[in-house]
Amino acid sequence: MRLIAALLLALLATAVSAQEPQRFELTYRFTFNGLHVGKVTDRFERKGSRYQLVSMAVPNGGLAQLLPMLTLSSEGEIRGGRFLPYRYRQERSNASGKIATAEFEWHKKVLTQTYKGKSRQAVLSDGTQDALTQLYTVPLAGELTPQLEFDVSNGRELIHYRYEKLPGGMLETPLGSFETVEYRRIVANPGDNAISVWIAPALHHLPLRIRVREESGVFEQELVRLDYRAT
């Protein structure tokens with residue numbers, strides 16, 4: 001019986017690891033205050049334990065002169081079903097002097113954030129994510145935990161985020177109808193951005209919709225196309 005149980009556990013572990021993403025490309029319809037302003041394309045690729053994740057927000061043709069293209073990139077390692085970022089970078093096409101970067105030195109527990117050419121260091125806590133990987137912690141882990149909690153660096157500052165899990169309901173999308181789970185940021189201060197991410201368990205636990213409410217308005221992404229391959 002012990003041998004059979006051990007074999008079952010081994011098979012279960014293999015099945016879980018086989019669901020980890022190997023590569024994906026996701027395209028989102030991007031809106032601001034309900035107006036369609038462009039698209040966001042996120043690309044993830046894994047080679048062994050190393051990963052690269054890139055997100056590009058491109059405005060519609062008519063708005064290209066008014067809105068910049070925003071590029072976020074993250075690279076590092078995947079360990080124990082979690083992202084271990086090494087480098088993060090954020091840049092806008094119209095502001096070359098406002099590049100934000102983050103360097104994660106895990107062996108020293110030091111985070112170096114650089115913005116407008118000025119660097120600051122902070123203590124690097126276990127589980128710290130960058131602004132891009134935080135959106136894909138659930139697809140990578142392949143499970144829906146009651147809460148998500150971690151520090152997040154956007155290259156300018158280190159922010160502590162907490163998300164609670166809520167029923168997300170059925171969402172109608174260009175890809176079909178999906179039952180979802182919502183992860184909603186627990187806002188501590190009135191000026192904090194409100195963030196909600198709707199996860200579709202039947203769609204590899206990918207973010208189906210992302211909404212950010214800040215002082216300037218409401219930004220929203222809706223998944224319209226995907227190309228996904230698991231390990």
Side-chain angles (χ1 to χ4, degrees), residues 13 16-24 26 42-55 72-90 100-115 119-166 168 180-189 192-201 204-208 210-212 221 230-231:
V16 170
S17 65
Q19 297 305 308
E20 291 184 353
Q22 179 72 24
R23 180 185 61 81
F24 62 69
L26 312 177
D42 290 356
R43 296 184 178 92
F44 168 85
E45 186 172 7
R46 175 178 181 173
K47 294 182 179 179
S49 64
R50 300 297 297 267
Y51 79 87
Q52 185 173 43
L53 184 58
V54 178
S55 178
L72 313 179
S73 62
S74 173
E75 59 179 286
E77 187 178 346
I78 293 173
R79 189 182 301 172
R82 295 197 309 177
F83 287 107
L84 203 67
Y86 290 165
R87 284 170 291 276
Y88 170 79
R89 181 181 177 93
Q90 175 179 313
T101 64
E103 297 283 337
F104 299 75
E105 296 181 90
W106 293 100
H107 61 293
K108 295 181 180 179
K109 300 293 183 183
V110 173
L111 172 69
T112 302
Q113 300 177 111
T114 303
Y115 181 57
S119 297
R120 292 184 301 171
Q121 291 188 330
V123 176
L124 181 57
S125 302
D126 290 343
T128 299
Q129 300 296 300
D130 59 49
L132 190 51
T133 59
Q134 70 152 329
L135 297 173
Y136 292 101
T137 56
V138 174
L140 186 64
E143 61 179 355
L144 300 168
T145 57
Q147 281 196 350
L148 297 173
E149 185 170 3
F150 34 62
D151 290 335
V152 175
S153 171
N154 59 15
R156 298 188 301 276
E157 57 184 335
L158 189 62
I159 306 170
H160 189 73
Y161 282 88
R162 291 191 301 142
Y163 292 88
E164 60 180 337
K165 185 180 76 170
L166 301 168
T180 65
V181 170
E182 178 188 355
Y183 278 98
R184 183 183 299 172
R185 183 185 180 189
I186 301 172
V187 177
N189 303 302
D192 291 342
N193 293 341
I195 304 173
S196 285
V197 182
W198 283 266
I199 300 292
H204 314 292
H205 291 85
L206 291 169
L208 199 62
I210 302 167
R211 179 183 295 158
V212 179
Q221 295 176 209
T231 54

Supply the atom-to-atom distance [X] [atom1] to [Y] [atom2], rounded to the nearest 0.5 angstrom.
| X | Y | atom1 | atom2 | answer |
| --- | --- | --- | --- | --- |
| Glu75 | Leu132 | CD | CG | 12.0 Å |
| Arg50 | Leu84 | CZ | CG | 9.5 Å |
| Leu166 | Glu182 | CG | CD | 5.5 Å |
| Thr101 | Gln90 | OG1 | CD | 10.5 Å |
| Leu53 | Glu45 | CG | CD | 11.5 Å |
| Tyr161 | Gln129 | OH | CD | 12.5 Å |

Original post:
When you look at CZ of Arg120, are more than 12 heavy atoms from neighbouring residues, nucleotides or ligands closer to it than 6.0 Å?
Top reply: no

Please give me the minimum heavy-atom distance between [X] and [Y], naming the atom from each residue.
| X | Y | answer |
| --- | --- | --- |
| Arg46 | Glu20 | NH1-OE1, 2.5 Å |
| Ser119 | Thr114 | OG-OG1, 2.7 Å |
| Phe150 | Gly127 | CB-O, 3.5 Å |
| Thr137 | Leu148 | OG1-CD1, 4.2 Å |

Does the side chain of [Y] come within less than 4.5 Å of [X]'s, by heavy atoms?
| X | Y | answer |
| --- | --- | --- |
| Pro21 | Tyr136 | no |
| Leu140 | His205 | no |
| Ile195 | Tyr163 | yes |
| Pro139 | His204 | no |
| Phe44 | Leu26 | no |
| Ile210 | Val197 | yes |
| Arg23 | Arg43 | no |

Original post:
In chain order, what residues pass the side chain to side chain contact (heavy atoms under 4.5 Å, CB included) check against Val187, with sequence neighbours excluded?
Top reply: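 Side chain to side chain contact (heavy atoms under 4.5 Å, CB included) list for Val187, sorted by chain: Asp192.
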
Subject >> Partner residues of Lys165 under the side chain to side chain contact (heavy atoms under 4.5 Å, CB included) criterion, sequence neighbours left out >> reply: Leu144, Val181, Tyr183

Original post:
Hey, are Asp42 and Ser55 close enough side-chain-wise for a donor-acceptor pair under 3.5 Å?
Top reply: yes

Original post:
Cut-off 3.5 Å, side chains only: do Gln113 and Tyr115 have a donor facing an acceptor?
Top reply: no

Subject >> Centroid-centroid under 6.0 Å between Phe83 and Tyr51 rings >> reply: yes

Subject >> Donor-acceptor contact below 3.5 Å, side chain Trp106 vs main chain Pro85 >> reply: yes

